[in-house]
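These notes concern the structure reproduced below.
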Amino acid sequence: MALDKMAIVHAFTIIIKTTTMTSVNVVVDGGVDHRANATTAAASNKMLENGSKGSAATGGASTATGSVAAVSVPSSPMKSASLSSSAPSSQPLSAASTASSSSPPSSPVVAALQKHWFMVGVVSVIALASWYPPLGRRGGPLMPEFTVKILAVSIIFFNSGLQLKPRELRRAVMQVKLHVLVQSFSMLIVPVAMAVAVAVLRRVAPSIHPDLLLGLRVVSCMPPPVSSAVLLSKVAGGNEAAAIFNSTLGSFVGIVVTPAWLLLTIGVSAEVPVSSIFAKMTMTVVMPLVIGQTVRQSVAGASRWKLPFSKINSCILLLIIYTTFCDTFSRDASISLPMLLVAISLVGLAQAAFMFGSFRLATLPRFGFTRSDVVAVLFASTHKSLTLGIPMLNVMFEGDSRLFYISLPLLIYHPMQILIGSTLVPSLRRWVRRQASV
């Protein structure tokens, strides 16, 4: 059976739904049911509109639910509880409620789209990519090899240079524990864990194509990419400077470590284009970052520019997702649907396991990381580079019929890491902000 684009879209749609449902309850929020909190918040707001008696009841509800007061009243939970429990404060709250109720209510559909516009965008660009992939594929009219790989990535790091304070960059360089954890997890723990998992799969599921399992081990040996880990860390409120440092460092470490792992894994040596990697990193990462820092420090008021950096970065991320899936859907290869689903399932489980392990390690008290540090570790330590991996595999297996099956896990891993990361962004952002507001 030929590769079915709609089957891939359906599979990734299931991943979006599953990740969105579980990201708050399992990975980030430790099982807190925010739907119950939202229901209680709605009830609390209704009580506020009924006067002082409702305000007192709301105070009790906000105290019981912890984070409800932050939703129903724009203040901290403790302040909301004290305000709603006192008689004098009930009148201003009631007046505010009346003023709010007098404004024309927005459509529920419009409100939902405004709140979840990014996830709607993710689904939309994937559907658009499946409809006409030649538009955004490599060599297509949009020229993603320039507009995305160079221009968009340069904009990301220029924005980073413009926003980051010099002391934040210096602090990031000095976070030795964070760097050691990220690089060790990415280039040591992940390859070893994948080797063990593949050995187990070969015993318990011998029907899985052996070259597919070999491809899983190849994925684990790849260094982190620069753009996706940094961008996801940035939009999720993570330690952007630490993500930049570790993604860049990981790319250089991969020049030495990745060929060594591939030699041990496959028994074939690999040549890494060192000069082109250095040139590309300089052009797309170092120079835009330096220019952004120069503008910040030399142009009066540049540090106070109120530009919509978050929206810009989110739109760039949607562009990256779109062109990535255009490339995925453009690959003309024959593969059975069961094997495709097996590959997607294995890669998805591997990513979930790696992200869970990275998250748990980074949140250990012994490291003392802030939540923004944890977000940077989460993405920088689990993402893998397609840009370095595919050219390397093409050289190593040129003319080999096994090339597609070996490269398939990497082809799936790349869009899936962006997709899963994108679904986690809203929950991670709320998680980071809760610590900042304490």
Side-chain angles (χ1 to χ4, degrees), residues 172-173 175-199 213-230 232-233 238-239 242-274 276-278 280-281 285 347 349-362 364 367 369 373-393 396 406-407 409-410 412-414 416-418 420-421:
V173 173
Q175 289 184 286
V176 178
K177 287 192 297 183
L178 190 148
H179 308 327
V180 171
L181 177 60
V182 169
Q183 301 305 321
S184 299
F185 194 91
S186 177
M187 302 306 297
L188 180 61
I189 295 177
V190 169
V192 172
M194 186 66 83
V196 174
V198 166
L213 295 178
L214 185 59
L216 289 174
R217 294 198 63 182
V218 169
V219 169
S220 68
C221 301
M222 293 297 147
V226 175
S227 56
S228 62
V230 172
L232 286 168
S233 297
N239 186 336
I244 292 174
F245 183 85
N246 278 280
S247 295
T248 307
L249 177 63
S251 297
F252 290 124
V253 170
I255 294 175
V256 177
V257 177
T258 296
W261 270 118
L262 291 176
L263 182 61
L264 290 173
T265 301
I266 308 176
V268 179
S269 59
E271 294 184 1
V272 178
V274 178
S276 65
I277 290 177
F278 270 90
K280 185 176 181 180
M281 295 289 289
V285 177
V347 172
L349 288 172
Q351 282 199 3
F354 294 149
M355 295 188 78
F356 180 78
S358 173
F359 184 85
R360 296 297 293 177
L361 273 176
L364 289 176
F367 290 115
F369 295 150
D373 293 336
V374 173
V375 171
V377 172
L378 179 67
F379 291 123
S381 64
T382 58
H383 280 209
K384 296 296 180 180
S385 174
L386 180 72
T387 306
L388 177 64
I390 292 300
M392 189 182 298
L393 291 177
M396 294 170 61
I406 293 175
S407 60
L410 183 57
I412 296 173
Y413 197 103
H414 179 67
M416 189 176 288
Q417 69 188 4
I418 298 175
I420 294 177

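Only this structure's heavy atoms are used, side chains among them; waters, hydrogens and symmetry mates stay out. Residue numbers start at 1 and run along the sequence shown.
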Legend entry - Backbone N/O of Ser220 and side chain of Lys384: donor-acceptor pair under 3.5 Å: yes

Inset, instruction - To the nearest 0.5 angstrom, please state how far the CZ atom of Arg360 sits from the CE atom of Met355. - result: 14.5 Å

Legend entry - Any donor-acceptor pair under 3.5 Å from Ser186 side chain to Val182 backbone: no

Legend entry - Spacing of NE2 belonging to His414 relative to OG belonging to Ser228, to within rounding of 0.5 Å: 6.5 Å

Inset, instruction - List for me each residue that meets side-chain hydrogen bond (donor to acceptor under 3.5 Å, both in side chains) alongside Thr382, sequence neighbours excluded, and say none if there are none. - result: none

Inset, instruction - Any chance you could lay out the side chain to side chain contact (heavy atoms under 4.5 Å, CB included) test for Val347 and Leu216, step after step, and finish with the verdict? - result: CA-CA 8 Å; Val347 172; Leu216 289 174; 4.0 Å; yes

Inset, instruction - Using the side chain to side chain contact (heavy atoms under 4.5 Å, CB included) rule, take Met222 and Leu262 through it: C-alpha gap first, then chi angles, then the decisive distance, then the call. - result: CA-CA 9 Å; Met222 293 297 147; Leu262 291 176; 4.3 Å; yes

Inset, instruction - First locate atom OG of Ser233, then atom CG of Asp373, and finally report the distance between them rounded to the nearest 0.5 Å. - result: 10.5 Å

Inset, instruction - Nearest 0.5 Å please: distance from the CD atom of Gln417 over to the CD1 atom of Ile412. - result: 12.5 Å

Legend entry - Considering all heavy atoms, the nearest Pro409-Gly215 contact: CG-C, 3.7 Å

Legend entry - From CA spacing to verdict: side chain to side chain contact (heavy atoms under 4.5 Å, CB included), Val257, Gln183: CA-CA 11 Å; Val257 177; Gln183 301 305 321; over 6 Å; no

Legend entry - Those residues that, when tested against Phe245, pass ring-ring contact (aromatic ring centres under 6.0 Å, His included) (two or more places apart): His179

Legend entry - Value rounded to 0.5 Å, distance of CZ in Phe379 from CD1 in Ile420: 10.0 Å

Legend entry - Closest non-hydrogen atom pair, Met187 against Gly254: CE-CA, 4.4 Å

Inset, instruction - Measure across Pro225 and Ser385 and return the closest heavy-atom pair with its distance rounded to 0.1 Å. - result: CD-N, 3.8 Å

Inset, instruction - Kindly assign one of parallel, tilted or perpendicular to the pair Phe367 and Phe369, based on the angle between their ring planes and the thresholds 30° and 60°. - result: parallel

Inset, instruction - Dump the intermediate steps for side chain to side chain contact (heavy atoms under 4.5 Å, CB included) on Leu178 and Asn246, then the final yes or no. - result: CA-CA 9 Å; Leu178 190 148; Asn246 278 280; 3.3 Å; yes

Legend entry - Smallest separation among heavy atoms of Ala376 and Ala242, with atom names: CB-CB, 4.4 Å

Legend entry - Donor-acceptor contact present, side-chain Thr258 to main-chain Cys221, <3.5 Å: yes

Inset, instruction - Looking only at non-hydrogen atoms, find the nearest pair between Phe354 and Phe185 and report the distance. - result: O-CZ, 3.3 Å

Legend entry - Euclidean distance, Leu361 CG relative to Phe356 CZ, rounded to 0.5 Å: 10.0 Å

Inset, instruction - Say whether, by atom type as modelled, one donor and one acceptor occur between the side chain of Thr248 and the main chain of Ile244 under 3.5 angstrom. - result: yes

